[in-house]
Number of protein chains: 4
Amino acid sequence: MAKTKQRIIAEAIRILATSGYAQFSIGEVATALGVSKGVIHYHFPEKTSLLRAIVEDFYQRAAEYMGAHMRLDTSAAEVLRSYIETNLTFVAENRTAAVATTSIILNARDREGNPIFQDTSGDIYQPLIEIFTYGQQIDGSFRKFDRQLMATILRSAIDTAAQLVLHNSAAENAALLQEIVTTFDLATRRNSDE
Amino acid sequence: MAKTKQRIIAEAIRILATSGYAQFSIGEVATALGVSKGVIHYHFPEKTSLLRAIVEDFYQRAAEYMGAHMRLDTSAAEVLRSYIETNLTFVAENRTAAVATTSIILNARDREGNPIFQDTSGDIYQPLIEIFTYGQQIDGSFRKFDRQLMATILRSAIDTAAQLVLHNSAAENAALLQEIVTTFDLATRRNSDE
Amino acid sequence: MAKTKQRIIAEAIRILATSGYAQFSIGEVATALGVSKGVIHYHFPEKTSLLRAIVEDFYQRAAEYMGAHMRLDTSAAEVLRSYIETNLTFVAENRTAAVATTSIILNARDREGNPIFQDTSGDIYQPLIEIFTYGQQIDGSFRKFDRQLMATILRSAIDTAAQLVLHNSAAENAALLQEIVTTFDLATRRNSDE
Amino acid sequence: MAKTKQRIIAEAIRILATSGYAQFSIGEVATALGVSKGVIHYHFPEKTSLLRAIVEDFYQRAAEYMGAHMRLDTSAAEVLRSYIETNLTFVAENRTAAVATTSIILNARDREGNPIFQDTSGDIYQPLIEIFTYGQQIDGSFRKFDRQLMATILRSAIDTAAQLVLHNSAAENAALLQEIVTTFDLATRRNSDE
DNA sequence: AATGAATGAGGGTTCATTCAT
DNA sequence: GATGAATGAACCCTCATTCAT
């Protein structure tokens, strides 16, 4: 059974979200699980492996969730709205993992000081860019804007909302979600009189 | 002369922006400056003092810059535009300090794991909220929206832009600035036919 | 095997007795044992833990020795004599540990400057006070005197003797022991013509 | 004026008595006096010089006090009593200095780990030994005992009493004094029927 | 799979001491 | 006499990693 591996990941996420990246240590995970440090290294030979597992686990589950819940059979504006809603819902339901993943991505560096998990490929922005392209070029939902830039701004808003979501009630989160949806709807849609 | 103190702050900012918070160490600053570790502790008895000096220095200079350059004698929508422009200009001209400050705020914790520099008062959002209030209640520039929430989203967009700005040419940054201004102009302004 | 732990304690005692509390360092213990500093911290996470182990080890062995060797089935005066003899014999046979323990108790402080190992309960004086009480109230061996005070003076004499014992020959120590026994016999016993 | 020098000594004594030898630092003295560390080093080029000044100051004042207050024109037993009384009175009136001096003597070592201020000459014991010699050989006040040993025990009792005296009321100290006097009177005097 | 022991590098901090002003 | 700046060594402690069992 690879049960231990999952327990390690879960505990590491919890500690990362609680204590922050700089304070995060293998030893703390081991202690919290009541096992020896060696166990962690058995499953994750290097600290980076564990961090990578957390990040990949989060993105994989996010992708699965998006695939399962996002509405695609409609206008670009509606798809965008669904993207934001689904995204924020997932984050709200996976708050600690989201926080942990963010802190890893922002902080993890190799020995030379270069970010390890920063997305240089722009893969995260791909779905958004596709939606924008469709809305601008095919169904005319959207006005003209720099797609890469808008994708970046939107993602940062979503990620920031993830932090807020941590301390909010369910009702507050619903309001938050609506406000963000509206904001980016207004910011992107074609002006009626154009 | 308090020259060394300023050199320490400058070097610490450079290293923080380059290597990230978790890798940042007093020793690295000392080595980079060609002085002994003791010197750093002479000027900043604890690591936290140095971090605090960086953060406060940045915010003070930001406030001065804003005070000197922001236009206030016009409509709320224009003031908002000026706020974003001035803000991003300052960040663009102080990129490393901005990145360093952000990484400190996100990562610095005390021994119990609680964030040290996170703004709990909401002071950073105050100017934006005032602009929003004016635009919503006095001159009618803005539509109805949650001011606190919009302030949070806008600030996150600005801070994210700071990261982008680091790797951009001047021309790209100008475009970036315009796009953000337009986005939040659309997102906030009262619909013409309302 | 917990062999290393015992070797650390033994070496720490030797160094403490030789170099004194203020000069005592974890690093010196590690070097003397030919191991890395980390090993010490593995077995004793904080310096205080090591100091505590030394003190407790000494007191435990002292209590065992006293329990095994002290004569109790006789007059209070004889019991007192036996107490002093047994005590000094144990100290003579554990000279370095005695010196080390004393230096820890006198010098170890917490961050606020308060002594850590100083006995505030007065437990060390309890056996002596019981002997004195018996001799004063039951079998009449002793004259009237302040029991707590006499116990304190006697203990200080014994502890001081421990220091002397370090540099003496066996013969000298035997004489020393006899002199102390006689001194406190005279100081405590009931005057014949009373 | 050498006023500063005296202020440094006084403050150092206070800190030593409060915080203990191991925690004692030049910097703390400077801070407490509101001067720079350099000042201390101007007056006492090495830390050891300051410690030496404290010890010598104490012993000199003690010698002066003893010379001024001790009764010498009587039997050895009476002189001994006077010695103890005068000694303890001085200590009671100079508690912090006594504690500071003791901690210096017990702890200060040179770089090789050898005690710096430990009295190897036995000078401290000289007055007592003279009293004992007189009482044993001239006026017959005292029984036979090892003079050096008795001097050592008596001094340790007096030094221990100094610690007690720190936390006592005046009345308690008077009782303490009487008890010690009586104890050593009984321990040393010739048995009436010998 | 898991443990316990050990390593070794590095980090923050303290502190006596030096020295130019 | 006094200050402030700087040094450099030592110290306690943390931690990722290795390895025999």
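Letters go in sequence order (proteins before strands), and every chain restarts at 1. All values below were derived from every heavy atom in this structure, side-chain atoms included, with hydrogens, water molecules and symmetry-related copies excluded.
- Remark: B:S25 is in phosphate contact with E:dG11, judged by side-chain N or O atoms under 4.0 Å from OP1 or OP2.
- Interface residues of residues 26-36 of chain D facing DNA chain F, ordered by number: D:V35, D:S36; criterion, heavy-atom separation under 4.0 Å.
- In this structure F:dC12 sits in a base pair with E:dG11, meeting the Watson-Crick or G-U test at under 3.5 Å.
- Side chains of C:R109 and C:N114: no donor on one and acceptor on the other come within 3.5 Å.
- In this structure, the CG atom of A:D110 is 17 Å from the P atom of F:dA16, given to the nearest Å.
- The main-chain N or O of A:R61 is never found under 3.5 Å from a side-chain atom of A:D57 such that the two would form a donor-acceptor pair.
- Rounded to whole Å, atom P of E:dG11 lies 14 Å from atom OH of B:Y21.
- We find that NZ of D:K3 is positioned 16 Å from C1' of F:dA2, with the value rounded to whole Å.
- If you check every strand for non-hydrogen atoms under 4.0 Å, B:F24 touches sugar and phosphate atoms only.
- Both D:F44 and A:V39 lie close to DNA chain E; mapped to their nearest nucleotides by heavy-atom distance, the more 5′-ward contact belongs to A:V39.
- Between D:F24 and D:L51, the closest heavy-atom pair is CE2-CD2, 4.0 Å.
- A donor-acceptor pair is defined here as one N or O able to donate and one able to accept, closer than 3.5 Å; such a pair exists between the side chain of C:N107 and the backbone of C:S103.
- Comparing C:Q23 and B:G38 by the nucleotide of DNA chain F that holds the closest heavy atom to each, the one mapping nearer the 5' end is B:G38.
- Whole-Å rounding puts the B:Y42 OH to F:dA9 P distance at 21 Å.
- The minimum heavy-atom distance linking D:L106 with D:Q118 is given by the pair CA-OE1, 4.0 Å.
- Between D:R111 atom CZ and E:dT17 atom C1' the separation is 10 Å, expressed in whole Å.
- The distance between atom CZ of B:R7 and atom P of F:dA5, rounded to the nearest whole Å, is 14 Å.
- Closest approach to the A:H43 side chain among E:dA2, F:dG4, E:dG4 is made by E:dA2 (side chain taken as heavy atoms from C-beta onward).
- For the pair A:T96 and A:A17, the tightest heavy-atom approach, listed with the atom from each and the gap, is O-CB, 3.8 Å.
- The interatomic distance linking C:Q6 (CD) with E:dA5 (C1') rounds to 16 Å, in whole Å.
- Not one side-chain nitrogen or oxygen of D:T4 sits closer than 4.0 Å to the OP1 or OP2 atom of F:dG1.
- Considering only side-chain atoms of C:H41, the nucleotide from E:dA5, F:dC12, F:dT17 that sits closest is F:dC12.
- In this structure, A:K5 satisfies the cation-pi test against A:F44, with its NZ or CZ atom closer than 6.0 Å to the six-membered ring centre and inside 45 degrees of the ring normal.
- Nearest approach of B:R7 to B:L33, heavy atoms of both residues: NH2-O, 3.6 Å.
- Base pairing of F:dA20: its partner is E:dT3, meeting the Watson-Crick or G-U wobble criterion (both donor-acceptor distances under 3.5 Å).
- At a cut-off of 3.5 angstrom, the base of E:dG4 holds no donor-acceptor pair with the side chain of A:K37.
- Atom P of nucleotide E:dT14 and atom CD1 of B:I40 are separated by 15 Å, given to the nearest angstrom.
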